[in-house]
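Below, all heavy atoms of this structure are taken into account, side chains as well, without hydrogens, waters or symmetry copies. Whatever order the structure lists ligands and atoms in, that order sets their numbers, starting from 1.
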Amino acid sequence: MRLILLGPPGAGKGTQAKRLMERDGIPQLSTGDMLRAAVKAETPIGLKAKDIMARGDLVPDDVVVRIVEDRITEPDCGNGFILDGFPRTVAQAEALETMLAAHGLELDAVVELKVDEEALAARVENRARESGEAVRDDDTVEALKHRMSVYRAQTAPLIDHYAHTGKLVAVDGMQEIDAVSAQIEGILGKVRNGAVGAAG
Ligand code: AMP
């Protein structure tokens with residue numbers, strides 16, 4: 001099962017990816033987590049990404065594409081993976097298609113977590129204000145607003161991009177976490193039965 005979770009910051013992609021990983025044993029590939037690990041370890045990629053991430057901007061496409069390509073070829077990804085936070089631009093989506101084709105692989109589904117952006121912004125702003133210390137460098141109100149506008153400008157066009165493939169399925173991300181998980185599991189069931197993705 002090769003899956004993309006798509007949605008704005010704070011939509012619950014990470015939470016849902018972790019649940020899928022626990023329930024279905026499919027590894028979660030979060031480019032945000034991988035980049036944060038690189039920043040912490042002060043690797044060359046981390047040093048390059050640190051300030052960009054703190055501002056809430058996107059790390060250059062070539063950097064994240066290389067990270068993902070290295071990761072999906074590891075043995076634990078043999079039965080599939082859940083991409084959480086990648087692709088974030090149309091160029092990344094195209095690079096993903098090329099790399100999957102090069103490895104003889106195909107995407108099964110793209111799950112869009114649909115959310116009310118205003119309600120979401122309020123939720124994440126509260127989290128940023130209430131936490132005594134910053135949980136993440138980019139979890140400030142300003143950075144979050146910027147990440148939202150980056151999402152709208154650079155990542156939201158992926159919804160159209162994937163709508164054309166017949167693999168895009170929308171889920172109401174404003175429901176309770178369990179309800180969102182149940183809906184995603186239902187989609188995966190359909191994917192396994194071949195009812196999603198037939199057009200691609
Ligand atoms: P996330 O944890 O997915 O919200 O990612 C945190 C930050 O890492 C983002 O705001 C970006 O700066 C960077 N990042 C993560 N994934 C990507 C990606 N696919 N392309 C570019 N930058 C990314």
>> Taking Glu106's backbone N and O only, do any of them form a donor-acceptor pair with Arg2's side chain (distance below 3.5 Å, no angle check)?
In response: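 Looks like yes, one N/O pair under 3.5 Å.
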
>> Please determine whether the number of non-hydrogen atoms from other residues, nucleotides or ligands lying under 6.0 Å from atom CG of Asn79 exceeds 12.
In response: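 Count not over threshold, so no.
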
> Quick one: does Leu96's side chain get under 4.5 Å of Ile4's, heavy atoms only?
Replying inline: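 Side chain of Leu96 against side chain of Ile4, heavy atoms only: contact under 4.5 Å found.
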
> Of all residues at least two apart in sequence or in a different chain, which pass the side chain to side chain donor-acceptor pair (under 3.5 Å) check with Gln175?
Replying inline: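 By the side chain to side chain donor-acceptor pair (under 3.5 Å) rule, Gln175 matches Gln183.
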
> Are Leu35 and Lys48 close enough, and set up right, to give a side-chain contact (heavy atoms from CB on, under 4.5 Å), and what steps lead you there?
Replying inline: CA-CA 10 Å; Leu35 287 166; Lys48 196 169 168 180; over 6 Å; no

> Under 4.0 Å between a Lys/Arg side-chain N and an Asp/Glu carboxylate O for Asp62 and Arg66?
Replying inline: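 Looking at Asp62 and Arg66, the cut-off is met.
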
>> As a test of reading the model: which residues have a non-hydrogen atom less than 4.0 Å away from ligand 1?
In response: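 Around ligand 1, where the cutoff is 4.0 Å for heavy atoms, the contacting residues are Thr31, Gly32, Leu35, Arg36, Met53, Asp57, Leu58, Val59, Val64, Gly85, Phe86, Arg88, Gln92, Arg136, Asp138, Arg147.
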
